Amino acid sequence: MSRPNQSIHGQWSSRWAFILAATGSAVGLGNIWKFPYITGEYGGGAFVLVYLLCLAVIGLPVMMAEVLIGRRGRQNPVNGLRTLAAEEGKHKGWRYLGWGGVVAGFLILSYYSVIAGEALAYVFRSFAGVFEGVTPDGAHHIYTSLTSDAERLLAWHTIFIIMTMIIVSRGVQGGLEKAVKFLMPALLGLLLLLVGYASNTGVYFDQGLDFLFKADFSKLTSGAVLTAMGHAFFTLSLGMGAIMVYGSYLPQKASILKVSLSISIADTAVALLAGMAIFPLVFANGLSPAAGPGLIFETLPIAFGHMPGGTFFGGLFFLLLVFAAWSSAISLIEPAVAWLVENKNVSRRRAAVIAGFSVWLFGLLTVFSFNIGSQWTLFGKTMFDLLDYLTANIMLPLGGLLITIFAGWVMSQNSTREELAVKPAFIYTAWRFIIRYITPAAISIIFFKVVGIL
Ligand code: PHE
């Protein structure tokens, strides 16, 4: 059977465009909002170390597998997995793995968009000077008055979903690529600026670095280990087909190993830089690193409110966060949009509207979980907490596990060797060994141990 050289959605204009887009997908709220607050909640260094280990042992090999499957399938994850399974003479049921990814992306975007909406609100608050001279109580009040107001939160969530639909409806080269080419470099520049500012806080900078990099294993619970692994998937956009669908637009001659390495390194660097920018500010202002999902919203304004030029830097910071979230949101919805275009024969624009509207509707659960619905709990978690736990700690690791099985056991050695095309040969041998044994074992041990099955 001759293989299609391109996806029907077109392809990235170069390897670089793919790296930028996939980095845009990886770098997002996960790095700047979530990484600091879960690191703060789980006590710092030891958690960070486990997270970094998970990135290396699980994240990188799974990313290579996803890019490989995506590019070889040249379709959305559902159809791609079905085609590849059929080619190998295996069961068509593998397409449900693609479906799981579409659903996970959908669920993640439904709450992701609400947090991104909060960041958007903060851009305006910052530039308007609302944070000038603000006290910790004042910052807390500003945050809770936003989250407790269902109508306002809903409005920002709506704006963010519309922003996402606009870019997605423009397609691979027109929308996605143009957006990230501009977003990624801007983001890195702004982040470096913030770390530069934090490095002026003297002892607090050291304290921040100690918190991030000095491992105290007595703080490491099994829940922390599962969260660290879940976050490794979340931050690299793995386990749900986002990187797979981007891989389906990757030109044939690009090296999968090189692009995956670049993306993982860039993503890790941004998270660590965000931590290095945020924790010194947290300590310098006597704030708590364990403040939870509101960490950056409740603590950074205090810092910005007291630094020279803080109105401007604060505004820039939240703008950066919105950009980062935007380029991730695009990839969260792309598998669903690509599926609608391929299978339901609708235009890209229409697909973006249908998918965007459904996500928006589902997002109401998260919007309300911060206010009128804060009492609606299931398993002791609010709707937002539940969605976050279900997706990051359960769906992505399980999706990742199945992806390793698909790449290591379902696909033949010939197919994966041809698609990876790495030299020298031992790199392929090492990858195949890791993806068949090491990574699935690591995911299973962590996952099933915490869930209580092992
Ligand atoms: N990686 C993104 C972030 O860190 C979130 C994301 C998860 C995007 C899964 C796509 C798929 O913010």
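In each ligand, atom 1 is the first atom listed, and ligand 1 is the first ligand listed. Given the structure is predicted, the values throughout are model-derived calculations rather than measurements.
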Enumerate the atoms of ligand 1 whose separation from the nearest heavy atom of S25 is less than 4.0 angstrom. 1 (N), 2 (C), 8 (C), 10 (C)
Does a side chain donor of either T439 or T404 reach within less than 3.5 Å of an acceptor in the other side chain? no
Check whether more than 12 heavy atoms from other residues, nucleotides or ligands sit under 6.0 Å from atom CZ of R350, and answer yes or no. no
Which atoms of ligand 1 have any heavy atom of A26 under 4.0 Å away? 1 (N), 2 (C), 3 (C), 4 (O)
Identify the closest protein heavy atom to atom 5 (C) of ligand 1: which residue and atom is it, and at what distance? F234 O, 3.6 Å
Step-by-step salt bridge (Lys or Arg N to Asp or Glu O under 4.0 Å) determination, D388 to K381: CA-CA 10 Å; D388 177 42; K381 293 183 189 302; over 6 Å; no
The atoms of ligand 1 lying under 4.0 Å from a heavy atom of Y112, numbered in the order shown, are 2 (C), 3 (C), 5 (C), 12 (O)
No-hydrogen, no-angle side-chain donor-acceptor test under 3.5 Å, T235 and D267: yes
Provide the number and element of each atom of ligand 1 under 4.0 Å from a heavy atom of L29. 12 (O)
Atom indices of ligand 1, in the order listed, that fall short of 4.0 Å to a heavy atom of M240: 9 (C), 11 (C)
Name the residue from W156, F317, F131 that meets the ring pair (Phe, Tyr, Trp, His ring centres under 6.0 Å) definition with Y122. F131
Can you tell me how far CG of L386 sits from OH of Y111, rounded to the nearest 0.5 angstrom? 11.0 Å
Would you check whether L332 has a nitrogen or oxygen atom less than 3.5 angstrom from a nitrogen or oxygen atom of ligand 1? no
Can you name the atoms of ligand 1, numbered from 1 with element, that are less than 4.0 Å from a heavy atom of G28? 3 (C), 4 (O), 12 (O)
Any idea which protein heavy atom is nearest atom 8 (C) of ligand 1, and the distance to it? S237 OG, 3.2 Å
Answer yes when E118 and R152 have at least one side-chain N-carboxylate O distance shorter than 4.0 Å, and no when they do not. no
